[in-house]
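Just below is one structure, and these are the notes that go with it.
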Amino acid sequence: AVLVSAGAKGSFRLEPDGTFSADSKISFDLSTLASDQRNRDDFVKRTTLAVAQFPTADLVPVKATGLPLPLPASGDFTFKLTGKLTIHGTTKDVTFDVVAKRSGGDLIATATANPSLKFGEFGMSAPSVPLRVVSVVDEIRLVVDLVATGPPN
């Protein structure tokens, strides 16, 4: 199942050494998660993610590795992003493979967690509904599509 969240907000600032400013953070509103099956979405949000208690997933970027610095005003880039991801009240160090394109102050990027994550790493059990779910793999494939606007330099 693919669940998509449209409720992300936050900001980040890349420092000259490839680290991010201490106030960099992106929060994802988990109540906006949706797929093609509303009943499944409601179950995952209520039971697995406990959205009433843990309404957001938070990504605090720490360092970009393999990115040309200072960042050119335009071009395509691939790099690794390390950070701290908090889901369900549990924080874990994560690494993303990032493919990005910059044009002036606009940045479009797709960040894919590598390796994929496990529900248990965040204190959750994989979704399970006896007699209704054939099988669930304990794997979270996390992909973040990001569109950011900032100063042109």
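Bear in mind that the values here come from a model prediction, so they are computed numbers and not experimental data. The first residue in the sequence is number 1, and the count goes up from there.
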Open item on the list: Quick one, Pro61 and Phe96 - any side-chain contact, counting heavy atoms below 4.5 Å?
Closed with: no

Open item on the list: Is there a side-chain contact between Gln37 and Asn39 in this structure, where contact means two heavy atoms from C-beta onward sitting under 4.5 Å apart?
Closed with: no

TODO: Return yes if a side-chain donor-acceptor contact under 3.5 Å exists between Asp145 and Thr110, otherwise no.
DONE: yes

TODO: Please examine the side chains of Leu33 and Phe28, heavy atoms only from C-beta on, and report whether any two atoms are closer than 4.5 Å.
DONE: no

- [ ] Enter the distance from Thr78:OG1 to Leu67:CG here, rounded to the nearest 0.5 Å.
- [x] 9.0 Å

TODO: Answer yes or no: is there a side-chain heavy-atom contact under 4.5 Å between Val99 and Asp76?
DONE: no

Task: No-hydrogen, no-angle side-chain donor-acceptor test under 3.5 Å, Ser21 and Asp23 - done: yes

Task: Side-chain heavy-atom pair Asp93, Lys84 within 4.5 angstrom cut-off - done: yes

Open item on the list: Parallel, tilted or perpendicular, judged at 30° and 60°: which one describes the rings of His88 and Phe54?
Closed with: tilted

Task: Side-chain heavy atoms of Val94 within contact of Leu117, under 4.5 Å - done: yes

- [ ] Using a 4.5 Å cut-off on heavy atoms from C-beta on, say whether the side chain of Ser35 contacts that of Arg40.
- [x] yes

TODO: Please round to the nearest 0.5 Å and tell me the distance separating atom CE of Met124 and atom CD1 of Ile87.
DONE: 5.5 Å

TODO: Check the side chains of Ser5 and Thr32 for a donor-acceptor pair under 3.5 angstrom, ignoring hydrogens and angles.
DONE: yes

Open item on the list: Any non-hydrogen side-chain atom of Leu14 less than 4.5 Å from a side-chain atom of Phe20?
Closed with: yes

Open item on the list: I'd like to know if Lys118 and Asp138 make a salt bridge, using a cut-off of under 4.0 Å between side-chain N and carboxylate O.
Closed with: no

